[in-house]
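Convention: sequence-line order gives letters A, B, ...; per-chain numbering from 1.
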Amino acid sequence: MPVVTLPDGSQKQFDSPVTVDEVAASIGAGLRKAALAGKVDGELVDTGFLIERDATLSIVTERDPEGLEVIRHSTAHLLAQAVKQLFPEAQVTIGPVIADGFYYDFAFARPSTPEDLAAIETRMRELVAADMPVSRRVMPRDEAVEFFRSLGEAYKAEIIQSIPAGEQISLYGQGEWVDLCRGPHVPSTGKLKAFKLMKVAGAYWRGDSRNEMLQRIYGTAWPDKKQLDAYLHRLEEAEKRDHRRIGRELDLFHFQEEAPGAVFWHPKGWTVFQSLISYMREKQTAAGFEELNTPEVLDIELWRQSGHAEKFGENMFTTKTPDERVYALKPMNCPGHVQVFRQGLRSYRDLPLRFAEFGKVHRYEPSGALHGLMRVRAFTQDDAHVFCTEEQITAESVQVTRLILDIYRDFGFEDVRIKFSDRPASRVGDDAVWDRAEAALQEAARAAGIECELNPGEGAFYGPKLEFVLRDAIGRDWQCGTLQMDFNMPGRLGATYIDEHSHKRTPVMIHRAMFGSLERFFGILIEHHAGRLPLWLAPVQAVVVTITDRQDDYARRIGESLKNQGVRVEIDLRNEKVGFKIREHTLQRVPYLLVAGDKEVQANTLAVRTRDGKDLGVHAVESLAQRLLQEISSRGRHVLED
RNA sequence: GCCGGCUUAGCACAGCUGGUAGUGCACCUGAUUUGUAAUCAGGGGGUCGGGGGUUCGAAUCCCUCAGCCGGCACCA
């Protein structure tokens with residue numbers, strides 16, 4: 001006689017075991033119709049689940065996050081069913097729910113085309129219209145393996161075989177189609193109302209590049225058409241933020257075939273790039289870093305010593321000179337910094353030594369990995385190496401962590417996470433040293449007051465690391481900063497110092513980068529701001545716009561004056577209507593448009609308009625200049641509009 | 001690197017099953033002296049990504065190389 005406790009605390013007693021569906025029906029016909037699944041004692045189950053003893057139950061509908069997951073999962077099944085109907089030779093593998101949708105991987109000899117996608121989607125809609133009930137049954141593991149083998153589903157059988165023997169396997173079926181699945185699923189295919197297949201892609205079986213490649217179909221699914229459309233709209237908006245597109249539109253940079261993965265910076269983009277460098281230079285100098293510069297092309301022998309040739313050689317550009325020497329373009333700055341450290345005799349009194357470099361590195365990245373500024377083959381790191389004693393590693397780590405977070409705040413990134421990668425299976429150095437290195441990094445993260453996510457065993461072979469991940473305006477995560485403890489390379493490259501007992505010791509080296517790659521960071525900034533860079537970074541900060549040629553002299557005079565005071569200003573004297581000029585500069589995301597007409601000339605003022613279309617009224621030229629300069633130097637923390 | 005798709009004027013794109021290129025914006029010239037997101041008119045511009053092949057004839061079909069796009073794998 002089960003007593004079912006509902007989320008509002010009310011209880012219902014039943015004379016015999018009941019299904020979730022029946023409980024929903026007993027509450028109301030509307031709820032029964034809306035029910036996608038149930039949660040019995042916290043466990044997600046089908047609406048057909050039989051409640052045999054006292055339990056708590058909540059009915060899962062499309063309004064619950066779990067309900068949306070069920071919809072997506074069931075839509076993945078629907079996709080698989082449609083594919084099997086249209087292409088019986090295709091074998092099914094897995095079809096999980098992912099952010100905003102799902103995918104399903106198929107093993108299929110013939111490549112799927114976008115036309116296939118349309119046909120599959122049409123078939124899916126037919127299956128929805130048929131409103132087929134979804135049923136569940138269980139089978140012992142070995143029987144399930146045999147069952148799928150008999151269907152010719154080798155991949156499925158392989159998956160089931162990896163489940164412990166003796167376990168019961170649940171199978172879900174709709175119409176003629178059956179799939180292995182943990183569930184739960186919607187009660188019938190008619191519940192799936194808003195979905196769209198997005199793209200086909202290749203994906204390795206079990207995520208391993210040594211395995212064969214399967215065909216993956218991505219889709220999205222939502223409770224209703226409105227939410228689906230909102231999602232598609234969101235994708236369009238994200239596309240408008242694409243830094244590759246904005247980079248071209250705003251004349252910031254370009255790429256071309258002859259230099260895959262290498263940036264041609266245009267004057268405007270380079271202006272921003274240089275602003276980033278000046279900013280970082282100021283910050284790190286204040287934090288006790290000394291800037292230096294080391295060669296980009298170094299004899300391959302040095303890279304053999306450092307271990308890069310062996311561990312990283314696949315990713316290195318090399319060059320052979322007419323004298324038959326082989327050099328490599330540096331993929332990292334650390335060996336160069338160690339060379340500077342090694343010059344002369346270092347004393348423990350010199351430590352910590354903090355060497356920083358805006359080092360341009362080259363890495364031969366796999367062609368398929370290249371992606372605008374986000375993944376390139378030639379990039380600039382704001383790289384630094386702190387050479388210190390073991391006693392100093394905690395203090396140094398804490399300081400660097402604070403600095404990184406402080407810098408991210410200046411750019412408006414408040415949502416930062418830290419990932420901690422500890423010792424990998426294959427490593428150098430003894431465990432006592434690893435203990436200290438890991439403790440130092442954890443202390444640094446703790447001092448920063450940020451929750452630390454563990455990446456077990458993901459540390460570098462020479463030491464553990466912290467990675468700083470920031471989240472942009474549209475919720476994407478980017479790994480930028482990194483802090484790595486290195487007990488290995490200084491020794492390999494012969495770096496030593498003399499300790500207080502006159503003994504030669506090997507220093508610890510801390511690798512740190514804050515932007516990570518300046519190119520990538522710039523790309524993130526563009527997308528984060530949708531091209532509307534804050535005033536201090538904007539390549540053109542203001543444009544003086546005239547209405548007729550009667551204001552030309554005035555505009556020239558003001559332009560000169562602002563320029564002399566350090567504002568990046570342009571003057572637009574073109575024989576065009578103001579509306580036309582406003583439109584163009586707004587599209588160029590110029591922060592402030594300073595309009596000069598006859599009235600403004602008369603009063604020695606300017607009419608100020610923002611790129612967002614706000615009219616800030618008329619301002620006296622001198623006070624406007626002061627306020628612009630203030631906004632620039634405060635890096636946007638006080639804006640003109642306040 | 002792997003799977004799939006794409007590559008036509010500076011940019012965005014048309015160009016059916018092969019008959020040797022077009023639209024819009026941009027650009028140039030002229031007119032217009034203009035008050036907050038597009039003034040009007042005229043004009044110039046492409047060896048259709050590179051190479052090879054099939055064909056009387058290729059932007060269009062085939063092969064190949066490169067780059068790009070979306071994923072996978074890798075990663076700052």
Is there a donor on the side chain of A/Asp549 or the base of B/rU33 sitting less than 3.5 Å from an acceptor on the other? yes
So, the side chain of A/Gln541 versus the backbone of A/Tyr592: is there a donor-acceptor pair under 3.5 Å, distance only? no
Atom [atom1], compared across [N] and [M]: separation rounded to whole Å:
N      : M      : atom1 : result
B/rA59 : B/rA21 : P     : 9 Å
B/rG15 : B/rG4  : C1'   : 25 Å
B/rC3  : B/rG45 : C1'   : 39 Å
B/rU20 : B/rG57 : C1'   : 8 Å
B/rC63 : B/rC75 : C1'   : 34 Å
B/rG46 : B/rC65 : C1'   : 23 Å
B/rC62 : B/rC16 : P     : 15 Å

What is the pairing partner of B/rG43, taking Watson-Crick or G-U wobble pairs with both distances under 3.5 Å in any strand? B/rC27
If pairing requires Watson-Crick or G-U wobble contacts with both distances under 3.5 Å, which nucleotide is the partner of B/rU36? none
Report which part of the nucleic acid [X] touches: base, sugar-phosphate, or nothing (heavy-atom distance under 4.0 Å, all strands).
X        : answer
A/Phe108 : nothing
A/Glu600 : base
A/Lys599 : base

[X]/[Y] ion pair, N-O < 4.0 Å:
X        : Y        : value
A/Arg245 : A/Glu249 : yes
A/Arg574 : A/Glu584 : yes
A/Arg206 : A/Asp208 : no
A/Glu458 : A/Lys465 : no

Once ring pair (Phe, Tyr, Trp, His ring centres under 6.0 Å) is applied, do any residues pair with A/His254, and if so which ones, sequence neighbours excluded? A/Phe264, A/His266
Got a sec, which residues hit ring pair (Phe, Tyr, Trp, His ring centres under 6.0 Å) with A/Phe515, two or more places apart in sequence or on another chain? A/Phe411, A/Phe521
Whole angstrom value for the distance that separates [atom2] of [N] from [atom1] of [X]:
X        : N      : atom1 : atom2 : result
A/His254 : B/rC68 : NE2   : P     : 12 Å
A/Gln256 : B/rG10 : CD    : P     : 13 Å
A/Arg574 : B/rA26 : CZ    : P     : 11 Å
A/Tyr592 : B/rU36 : OH    : C1'   : 17 Å
A/His266 : B/rG10 : NE2   : C1'   : 12 Å

Would you check if there is a donor-acceptor pair between the side chains of A/Glu365 and A/Asn315 at a distance under 3.5 Å? no
Is there a donor-acceptor contact under 3.5 Å linking the side chains of A/Tyr279 and A/Asp410? yes
Contact state string [nucleotides 37-50 of chain B, B base, S sugar-phosphate only, - no protein heavy atom under 4.0 Å]: BBB-----------
Under 4.0 Å protein heavy-atom contacts per nucleotide of nucleotides 71-76 of chain B, with B for base, S for backbone only and - for none: BBBBBB
Taken in chain and number order and not counting sequence neighbours, the residues that satisfy side chain to side chain donor-acceptor pair (under 3.5 Å) with A/Arg609 are none
In this structure, NE2 of A/His528 is separated from CZ of A/Arg241 (nearest 0.5 Å) by 8.0 Å
RNA chain B contacts made by residues 231-250 of chain A, counting heavy atoms under 4.0 Å: A/Arg244, A/Arg248
